Each structure stands twice: as C-alpha cells, then as structure tokens.
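Worksheet: the structure to be examined is printed underneath.
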There are 2 protein chains.
Amino acid sequence: MDLTDSPSPVQAPARREQTAAFSPLYQQIRQLLLQALEKGEWKPGDMIPSEFDLARRFHVSQGTVRKAIDELAAEHILIRRQGKGTFVATHREPVVRFRFLRLSPSDGEAVPAESEILWCRKMRANAEVAAALDLRSGDGVIYIRRLLRFRGEPTVVDDIYLPASMFKGLTMAVLTENDGPLYGLLETRFGVSMVRADERLRAVPAAEDVAQLLNIECNKPLLRVDRVSYTYGDRAVELRYGHYLTDQYFYRNTLM
Amino acid sequence: MDLTDSPSPVQAPARREQTAAFSPLYQQIRQLLLQALEKGEWKPGDMIPSEFDLARRFHVSQGTVRKAIDELAAEHILIRRQGKGTFVATHREPVVRFRFLRLSPSDGEAVPAESEILWCRKMRANAEVAAALDLRSGDGVIYIRRLLRFRGEPTVVDDIYLPASMFKGLTMAVLTENDGPLYGLLETRFGVSMVRADERLRAVPAAEDVAQLLNIECNKPLLRVDRVSYTYGDRAVELRYGHYLTDQYFYRNTLM
DNA sequence: TAGTGGTCTAGACCACGGA
DNA sequence: CCGTGGTCTAGACCACTAG
C-alpha cells in the first residue's frame with residue numbers, strides 16, 4: 001500500500017474556508033493521477049491499479065476514484081476496459097489516431113497514411129514558433145517536413161516544430177525507421193504523450209514548394225491546418241502547419 | 001406524482017436474459033428524458049423537474065437520474081445550474097452559439113455576426129439534398145441563402161436547406177424580422193432543437209456568385225463547410241453549405 | 001431558510017474477460 | 001473461478017441561489 005501521495009489523505013473538503021476556492025475530492029484525485037502519469041509511473045498502454053487499490057492509496061472511497069477516472073477517460077487520457085482494467089491511452093491504438101488525423105475520403109474506405117520524411121534538422125525558433133511552444137526566440141527546435149500519401153496519392157504536407165530539449169536524438173534515421181504514427185514514436189521513445197490539440201483552419205493558395213510536392217498547380221486552394229499539441233498539464237510540445245489537399249478527402253468534425 | 005411513463009417502473013435490469021442487449025437503468029432514464037424533450041414537455045430554456053422529483057416519477061434513485069442527466073449535460077442537451085436547477089439548452093444562449101459558429105478573428109475580439117437574408121424560397125429536393133435530410137427526391141424543402149458580416153465585412157455565404165414539412169410558414173419576412181441566431185428561431189417558432197451537427201471541410205476556389213457577395217476575386221480559396229444538423233434522436237433536419245472567407249478569420253477546433 | 005444541484009460514502013450486486 | 005469495471009441504492013452533508 002503506497003501512501004506517499006497523501007500521508008494525511010487529501011485535503012478534507014468538509015473543513016475548509018467558505019471563501020477558499022472549492023475543489024472537490026475527486027478533482028484532487030484527478031490531479032494526483034495526472035501527476036503520476038506525468039512522472040511516468042504508468043506508461044502508455046500500461047494498466048493502472050484497480051479502483052479499489054487507488055481508493056486505498058488515496059484514502060478515499062472507490063466511488064470518488066471512479067469519478068476522477070471518469071473524467072480522465074472522457075478526456076481520452078485513460079481508457080476503461082470492462083473486465084480487464086483501466087489503461088493509459090496510447091497513440092499506437094488506431095482508435096486514437098483516428099481522433100487526431102481527421103481526413104476521410106470523399107468516397108471509398110479510409111486507408112492508412114504512408115509517411116515520407118523529407119526534412120529533419122535542428123534550427124532556432126523564430127518568434128512565431130517560440131511563442132506557440134512557450135520557448136524563447138532562438139531556442140533550439142527540431143524541424144520536420146513530411147509528405148503523407150493515401151493510396152499513393154500525395155495529400156498532406158506537414159511542417160512540424162518540436163522543442164529540441166525534449167526530443168534529443170530525434171533524427172532523420174529515427175523517423176525513417178519508425179513506421180507507426182509520429183505521436184506513437186514520441187510516446188515510446190521520448191515519453192511525451194499528446195493529450196489535446198488546438199487547430200486553426202484556413203483556406204489558402206498553394207505555395208510553390210508545397211504545390212510541387214502535392215503534384216498540383218500553384219495557387220490551388222489547400223486546407224491549411226495550424227495545430228498546437230499539448231501534453232499533460234497543458235504544456236505545448238508541438239507546432240504543426242499542415243497543408244491538406246481536399247479534392248478526394250475532407251476534414252471531418254462534429255459539433256455538439 | 002406522474003407515473004404515466006412507467007406504471008411498473010422501468011425495466012428492472014436485475015432480471016434479464018444474459019443474451020439480451022444490456023441497457024443500464026440510467027440509459028433507459030436518459031431515453032425517457034429525451035422522449036419527453038422530443039414531445040415538447042419542456043421547452044428550450046425551461047427548467048426541468050428536480051432530480052428527486054424525476055427519481056420519484058421514474059421509480060429509481062436520485063443517483064440514477066443524476067447519471068442520466070450527467071450524460072445529457074455532457075451532450076449539451078441539458079444545462080445544470082447549481083442552486084437553481086437543470087434547464088433545457090437553447091441556441092439563444094451565446095455560449096451555445098459559440099459552439100456552432102466556429103469562426104474566430106485572427107486578431108482582435110470576437111464579434112457578433114450580422115446576418116442578411118438574400119433568398120428564401122420553397123423548392124424540390126434534388127438527390128443530394130434528399131439523401132442528406134432523409135427525404136425523397138422531389139420532396140419540398142426551404143432554401144435559404146444568407147450573407148454573414150463581421151464588423152461589416154462580408155465573410156460567410158450560407159446555403160441552407162430545411163425540410164418544408166417541418167418548417168411551414170418559414171418565410172423571408174419571418175427570417176428578416178428575427179435578429180437572433182437562426183437556430184434560435186427554429187427552436188422557438190418551430191420547436192426544433194439542433195443538438196448535434198456533422199461537418200465536412202474542404203478548401204475550394206470561390207465560385208462567381210459567392211465571390212461577388214464576399215467582394216473578392218473569383219477562384220480565391222474559400223473554406224467550404226458542409227454541415228448536416230440533427231435534432232433529438234439523430235434526426236437530420238438541416239443541410240448547409242457554408243463558404244467562409246478565412247483571410248481575417250479561422251475555423252477553430254479542439255482535438256481530444 | 002428552503003430548494004436545487006454537487007459531493008462522498010459504504011455496500012450490494014451485475015457484466016465481462018481471462019485463467 | 002476470480003478480479004476487473006459498471007450499476008444502483010440510501011443516506012448524509014456541502015455549495016449555491018433566491019426569496
């Protein structure tokens with residue numbers, strides 16, 4: 001029984017100042033679970049302890065742990081499997097990739113992307129990149145340009161910026177030998193899990209270099225997707241400019 | 001105490017066939033609540049009965065009602081307000097509109113849209129419209145074309161198709177005198193609440209008529225948004241083709 | 001002060017997966 | 001068969017709002 005997290009349980013909610021910000025027990029448990037994930041106590045794909053074990057560890061009831069896990073499951077940070085246990089989500093599972101790559105074919109079946117790495121080099125962050133990644137201008141970043149094909153058709157050009165300090169050893173060779181999703185690589189090799197991303201979409205004319213890669217004429221309309229990805233604790237760890245050719249594919253979204 | 005919904009409570013989950021599809025009590029309650037909403041028992045903006053009242057009505061515990069309401073609140077169909085009650089969501093609240101109109105300015109503050117109705121006429125559904133709205137080709141639909149401006153700048157052209165049978169009396173005059181959101185009008189005047197929408201985004205060159213309305217040159221890249229909106233029970237009730245000018249605005253999205 | 005939603009508990013039992 | 005998550009209950013108490 002591990003008590004290190006809370007020698008005197010967690011802050012008892014009963015005895016608190018009326019004026020203090022009220023934080024329910026299950027939210028505190030949620031934070032403790034997030035911290036454990038951040039520390040790497042459980043890795044993507046791992047099963048975490050059972051609800052009763054966690055309840056003992058945190059000195060709360062199983063129902064309270066359950067509610068904390070409910071929230072993390074709703075955020076797709078944890079995944080519950082009845083009869084088996086609760087697991088740390090991983091981008092290696094196709095169901096997760098599906099959430100982050102939102103291109104679907106206008107007709108026909110969805111098909112896995114074929115990725116070709118065109119560039120990978122270290123450089124210094126300009127003001128825009130630095131601002132997005134919460135770095136200082138001039139800090140080291142890894143720049144990756146890649147081309148995605150579906151059924152052999154060039155469809156997406158991605159320009160990706162990652163903080164160099166977090167991904168030491170990420171080279172062309174490493175990227176090329178990885179045949180799964182990029183986020184899967186970042187997870188297993190660097191221990192960084194992407195949990196959320198904000199995207200901004202615009203229609204833009206194709207620049208010359210992108211047009212060449214996609215085998216289209218210059219100035220043809222492309223869907224440009226600017227993405228900032230976050231890991232636990234809302235820490236931005238990736239800036240990505242995507243150019244999507246949407247003749248045969250579309251970006252799907254559900255409003256609720 | 002109203003028992004009409006369930007003279008013999010709801011189906012007791014304890015005594016069911018192992019092979020039968022298992023539906024937890026709280027899901028059955030959720031369905032009953034949805035049916036009540038669909039019947040119009042509570043209108044958008046209304047407060048629904050308290051959790052304890054509903055528990056008595058359905059012969060279940062308050063906790064079970066609570067879980068049903070939790071789900072409907074997560075879907076933004078109901079809205080909980082601590083200390084006040086639980087309310088039926090309405091598109092008149094700005095917080096809801098914000099979820100369905102996802103354009104944000106590249107810089108500066110968000111600003112309300114000014115809507116100008118350009119067309120409103122009844123016509124017959126072609127195959128594409130009929131398929132999207134689950135109608136037969138040739139069924140009556142109402143076609144609306146409108147222009148949205150932000151700070152006076154023409155930014156969005158929407159072509160909207162609605163089943164005529166559901167929106168009898170929806171005319172140019174009705175649309176013009178309505179100064180709130182379209183979905184608010186459909187709610188209060190026709191009792192149809194939009195609960196969910198699926199969108200498909202592409203980059204396309206501006207057609208001539210749209211370019212004129214947006215005051216841009218022909219073939220300039222536009223973000224085209226095809227939307228199908230649903231009311232309770234996954235019933236499609238609106239097909240909308242939007243053309244967004246994304247020079248000063250972008251479509252925002254969060255991946256989780 | 002009353003009424004609403006929100007939290008937390010303890011316990012019983014069911015559904016599911018795997019040994 | 002056991003261990004996991006999933007459901008349901010009853011009851012106590014807290015937090016928020018409004019009259």
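All values below come from the heavy atoms of this structure, side chains included, with hydrogens, waters and symmetry mates left out. By convention in this document, chain letters (A, B, ...) are assigned in the order of the sequence lines, proteins followed by strands, and residues within each chain are numbered from 1. From a predicted model like this one, the values you see are computed outputs, not experimental measurements.
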Which whole-number value in Å describes the distance from [X] [atom1] to [N] [atom2]?
{"X": "L72(B)", "N": "dG5(C)", "atom1": "CG", "atom2": "P", "value": "14 Å"}
{"X": "Q62(A)", "N": "dG5(D)", "atom1": "CD", "atom2": "P", "value": "8 Å"}
{"X": "I29(B)", "N": "dC8(D)", "atom1": "CD1", "atom2": "P", "value": "9 Å"}
{"X": "D70(B)", "N": "dC8(D)", "atom1": "CG", "atom2": "P", "value": "13 Å"}
{"X": "H59(A)", "N": "dC8(C)", "atom1": "NE2", "atom2": "C1'", "value": "16 Å"}
{"X": "F87(B)", "N": "dT17(D)", "atom1": "CZ", "atom2": "P", "value": "12 Å"}
{"X": "I79(A)", "N": "dG17(C)", "atom1": "CD1", "atom2": "C1'", "value": "17 Å"}
{"X": "F58(B)", "N": "dC8(D)", "atom1": "CZ", "atom2": "C1'", "value": "17 Å"}

With no hydrogens and no angle check, just 3.5 Å: does a side-chain donor-acceptor pair link [X] and [Y]?
{"X": "S229(A)", "Y": "Y183(A)", "answer": "yes"}
{"X": "E71(A)", "Y": "Q27(A)", "answer": "yes"}
{"X": "E199(A)", "Y": "Y251(A)", "answer": "yes"}
{"X": "S106(B)", "Y": "R200(A)", "answer": "no"}

Out of [options], which has the shortest distance to the side chain of [X]?
{"X": "P24(B)", "options": "dA15(D), dT7(D), dG5(C)", "answer": "dT7(D)"}
{"X": "V60(A)", "options": "dT7(C), dC8(D), dT9(C)", "answer": "dT9(C)"}
{"X": "L25(A)", "options": "dC8(D), dT9(D), dC8(C)", "answer": "dC8(C)"}
{"X": "R80(A)", "options": "dG6(C), dC8(C), dG6(D)", "answer": "dG6(D)"}

Between atom CG of L223(B) and atom CZ of F250(B), what is the distance when rounded to the nearest 0.5 Å?
->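 Between L223(B) CG and F250(B) CZ, I get 12.5 Å after rounding to 0.5 Å.
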Atom pair CZ/CG of R227(B) and N253(A) - distance to nearest 0.5 Å | 10.0 Å
Does [N] have OP1 or OP2 sitting under 4.0 Å from an N or O in the side chain of [X]?
{"X": "R66(B)", "N": "dG6(C)", "result": "yes"}
{"X": "T64(A)", "N": "dT7(C)", "result": "no"}
{"X": "Y26(A)", "N": "dT7(C)", "result": "yes"}
{"X": "K67(A)", "N": "dC8(C)", "result": "no"}

Tell me whether the guanidinium CZ or amine NZ of R235(B) lies under 6.0 angstrom from the six-membered ring centre of Y230(B) and within 45° of its axis.
-> no
Answer with base, sugar-phosphate or nothing: what part of the nucleic acid does F52(B) contact at a heavy-atom distance below 4.0 Å?
-> nothing
Over 12 non-hydrogen atoms of neighbours within 6.0 angstrom of CG in D134(B) =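 Incorrect, the count does not exceed 12.
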Residues R92(B), E187(B); criterion salt bridge (Lys or Arg N to Asp or Glu O under 4.0 Å); working and verdict = CA-CA 9 Å; R92(B) 296 207 173 278; E187(B) 251 177 30; 5.5 Å; no
Using a cut-off of under 3.5 Å, enumerate the N/O to N/O pairs linking the protein to nucleotides 1-4 of chain C.
unit_1 : atom_1 : unit_2 : atom_2 : d
dG3(C) : N2     : G83(B) : O      : 2.9
dT4(C) : O2     : G83(B) : N      : 3.4

Set of side chain to side chain donor-acceptor pair (under 3.5 Å) partners for D198(A), sequence neighbours left out =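 Once residues adjacent in sequence are excluded, the partners of D198(A) under the side chain to side chain donor-acceptor pair (under 3.5 Å) criterion are R196(A), T254(B).
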Dot-bracket for DNA chain D, please, read 5' to 3', with Watson-Crick or G-U wobble pairs under 3.5 Å on both distances, ( ) within the strand, [ ] crossing, | other strand, . unpaired.
-> ||||||||||||||||||.
